[in-house]
Amino acid sequence: MLSSKKHDDPVLKQQIETLRTELVEHNHRYYIDDAPTIPNDEYDALLRRLQELEAAWQQQCGEAPPPNSPSQTVGAPPSASFAAVRHRAPLLSLANAFSDAEMEAFYHRVVGLVADEAVCLVVEPKIDGLAVNLRYQDGHLCCAATRGDGTTGEDVTANVRTIADIPWQLAGDVPPLLEVRGEVLMDHATLARLNRVRREAGESPLANPRNAAAGSLRQIDSRQTAQRSLRFFAYAIGEGAKQLPATITTQHAMLAWLRQIGFTVQPWQQCQNPTQIAELVATWEQHQRSAMDYDIDGLVFKVDALEQQQQLGMLSRAPRWAIARKFAAEEVETAVVAIRWQVGRTGVLTPVADLAAVAVAGVMVSHATLHNFNELQRKGVRVGDRVVVRRAGDVIPEVVRSLGAESRPPLSEPPSHCPACGAAVVREEGEVALRCESATCSAQLLQRLCHFVARGAMDIDGLGSRLLARLVDAGVVASLADLYCLPWQRIAAWDGIAAKRIANLQAAIDHSRQRPLARFLFALGIRHVGATTARALANQFVSLDRVMAASAEQLSEVDGVGARMANAVCDFFACSANRALIAEFLARGVSPQEAAPQHDAITALPLAGHRIVVTGSFDGWTRSGLEMELRRLGAATASSVSAKTDTVIAGAKAGSKRARAEQLGITLVEAANLSAWLQQMEG
Ligand code: IVH
């Protein structure tokens with residue numbers, strides 16, 4: 001809170017508070033949830049605005065921003081799923097510059113502060129990844145931690161060991177304790193592959209490489225991390241910097257040494273004055289950036305001489321001797337060849353612009369989304385127009401604006417019929433999306449099938465989208481349930497399908513008849529029902545009959561199921577075509593199994609009917625491990641505290657959830673009492 005001083009301005013104070021709250025929330029979404037809701041450049045603009053307002057405030061009443069302001073902190077506190085690691089020396093962030101003028105100011109500031117005349121800078125690409133600190137004891141990798149809030153990070157050692165660029169053992173003579181810092185990232189090819197798999201599994205694509213890398217590094221199971229082919233570039237040394245070989249007196253010598261001991265480092269260049277700086281920025285921004293096989297969002301300029309770095313020292317969140325020159329989000333011009341309406345798995349019609357292929361930030365783009373009819377109209381895009389396309393923070397390209405003439409006839413009306421099946425298109429009240437609601441729509445059928453057979457759903461191996469399309473085209477599959485009565489003899493006569501493949505497919509389809517209820521519910525592709533909601537429903541209702549018979553009210557009593565989801569489930573099972581579909585499944589031997597004990601057995605468990613929220617971190621338990629144990633005892637676990645919650649288990653650093661529990665008068669179990677409480681519950 002800002003304290004009141006003589007000349008303070010309440011409006012300014014309020015603006016500052018609002019911005020701080022907003023930035024703290026964005027930090028949480030970016031660093032903890034790996035799911036930002038605004039592009040990086042918008043975040044930068046908000047942070048900048050806060051810095052300006054704080055400076056104005058400081059001028060008015062001489063009060064510096066508090067240490068917990070987002071302008072003074074780095075990232076967000078570590079999540080409780082991983083053990084916390086306190087950094088021996090803080091992991092800092094970098095100040096940003098957005099123009100040549102700001103770079104010139106940086107250069108002159110540095111020159112003014114160092115005793116010597118000559119200042120040489122080293123420039124490296126700024127990777128859009130995530131900072132990691134690697135600790136080596138006698139040359140052996142012993143601990144890897146994310147940056148967290150700069151002081152305390154998350155222990156990701158097991159996952160980091162799966163990254164090929166990170167040596168487990170260093171080469172040559174190194175200080176007994178050495179910390180190497182750098183960036184973990186996912187390159188374009190890997191991200192494209194991962195998003196293809198996610199799309200096939202009906203999951204939304206990852207927003208950007210940074211979040212993809214962060215999500216991959218923070219997997220509970222390191223085998224998952226291993227599959228993501230992450231990369232690592234080293235750029236700095238933490239602990240041990242004072243024990244480096246005497247010849248290392250500059251940043252560039254340090255990079256060369258890091259390479260010698262086994263790391264991959266990025267190419268670097270040197271420069272000596274503002275003109276050279278501006279030239280470097282221009283060539284990188286216009287040419288080299290798009291030639292990289294991973295995303296960079298700027299260049300980092302560092303004072304080369306380590307002694308000068310020492311003299312310049314640190315500010316609270318960043319060193320004075322370095323700065324990040326951010327690039328503008330890359331925008332490229334191209335032509336619209338066609339505009340078509342794509343029908344999604346849930347029947348939503350999305351306008352897509354087919355483009356003359358063009359490279360945007362290193363990736364070839366030949367179509368871009370126009371989001372929905374409102375956006376299409378607002379942007380006034382027409383076939384033949386030249387348009388500006390960007391990938392910004394997002395991987396999915398979008399049309400930013402049309403360069404077409406201003407005064408042209410208005411756009412045509414939105415489509416009234418589905419381009420795939422011809423059924424009437426509807427628009428739900430309060431929704432922008434147009435939707436085809438036909439259960440027999442062929443466009444939806446193929447996509448529903450792809451979702452149905454995907455990993456995480458019915459997991460039918462060997463049944464890829466091509467074969468599914470062939471089955472649909474040949475008219476042998478007209479509904480999801482048709483997968484369980486395929487005319488095998490006929491299919492065996494098709495070209496290119498070996499007998500062995502048929503046998504494997506038959507076995508895989510057969511095997512899927514017994515999938516757990518949660519998977520089956522997810523596989524049905526009910527609107528708003530993702531894998532987590534499906535699991536919550538299966539846990540609560542245990543059998544398919546009970547889910548089908550539940551009222552919207554009963555459904556919404558399940559933790560994590562809101563009114564919208566409850567209505568969608570109710571509507572789905574109320575629809576006679578869908579009931580007929582379920583009957584077909586059952587008749588063809590699909591009998592979804594719930595892995596949890598039967599309802600009666602559940603109610604006999606010690607924590608049956610208990611809704612528990614676990615927050616903070618615990619000695620001897622990971623949060624998910626503790627949650628699993630609670631579920632084993634019959635409890636339902638949830639991530640947010642509400643009036644429905646019975647108990648909150650609060651470990652170290654429990655924050656807002658504990659406060660909310662106290663506010664609502666919910667039973668609190670402290671970490672110190674956890675074992676005793678568990679013992680008591682287990683009876
Ligand atoms: S040096 C004390 N060099 O950008 C300076 N950072 O926005 C430490 N980053 O926290 C950072 N590429 O996570 C440095 N070549 C590079 C970088 C780089 C990306 C990240 C790093 C830093 C963030 C600041």
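Just follow the structure's listing: the first ligand is 1, and inside any ligand the first atom is 1.
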| task | Please check if any side-chain donor atom of Gln269 sits under 3.5 Å from a side-chain acceptor atom of Trp284, or the reverse. | result | yes
| task | Pick one of side chain, backbone, both or neither for how Glu183 approaches ligand 1, counting any non-hydrogen atom pair under 4.0 Å. | result | side chain
| Can you find an N/O atom of Pro125 closer than 3.5 Å to an N/O atom of ligand 1? | yes
| task | With side chain to side chain contact (heavy atoms under 4.5 Å, CB included) as the test, would you mind laying out the steps for Leu121 and Tyr107 before giving the verdict? | result | CA-CA 9 Å; Leu121 301 176; Tyr107 176 81; 4.3 Å; yes
| query | Which ligand 1 atoms does Ala131 reach within 4.0 Å, using its non-hydrogen atoms? | reply | 13 (O)
| said: Under a 3.5 Å threshold, yes or no: a donor from one side chain and an acceptor from the other, between Ser229 and Arg193? | reply: yes
| message | Quick check: Trp321 and ligand 1, any N/O pair under 3.5 Å apart? | response | no
| field | Numbered atoms and elements of ligand 1 in range of Pro319, under 4.0 angstrom, heavy atoms | value | 2 (C)
| task | Enumerate the atoms of ligand 1 whose separation from the nearest heavy atom of Val300 is less than 4.0 angstrom. | result | 3 (N), 15 (N), 16 (C), 17 (C)
| Just going by heavy-atom distances, which of Lys126, Gln251, Gln266 is nearest to atom 23 (C) of ligand 1? | Lys126
| Given Lys302, Lys326, Arg317, which has its nearest heavy atom closest to atom 3 (N) of ligand 1? | Lys302
| task | If a pair satisfies salt bridge (Lys or Arg N to Asp or Glu O under 4.0 Å) and one of its residues is in residues 158-177, list it, with sequence neighbours excluded. | result | none
| message | Pairs of nitrogen or oxygen atoms closer than 3.5 Å, one from Leu94 and one from ligand 1: do any exist? | response | no
| request: Within a distance under 4.0 Å of any heavy atom of Arg147, pick out the atoms of ligand 1 and give their elements. | output: 10 (O), 22 (C)
| request: Flag the pair Glu54 and Arg20 as a salt bridge only when some basic side-chain nitrogen lies within less than 4.0 angstrom of an acidic carboxylate oxygen. | output: yes
| query | Which atoms of ligand 1 sit under 4.0 Å from any heavy atom of Leu92? | reply | 10 (O)
| message | Working note: Arg135 + Val85, criterion side chain to side chain contact (heavy atoms under 4.5 Å, CB included); need CA distance, chi angles, decisive distance, verdict. | response | CA-CA 11 Å; Arg135 197 182 296 163; Val85 176; 4.0 Å; yes
| Tyr294 and Gln266: side chain donor to acceptor below 3.5 Å | yes
| field | Salt bridge Arg210-Asp128, side-chain N to carboxylate O under 4.0 Å | value | no
| Heavy-atom check, side chain of Leu230 versus side chain of Met186, under 4.5 Å | yes
| Any Ser93 heavy atom less than 4.0 Å from ligand 1 | yes
| query | Going by distance only, is there an N or O of Glu124 that falls short of 3.5 Å from an N or O of ligand 1? | reply | yes
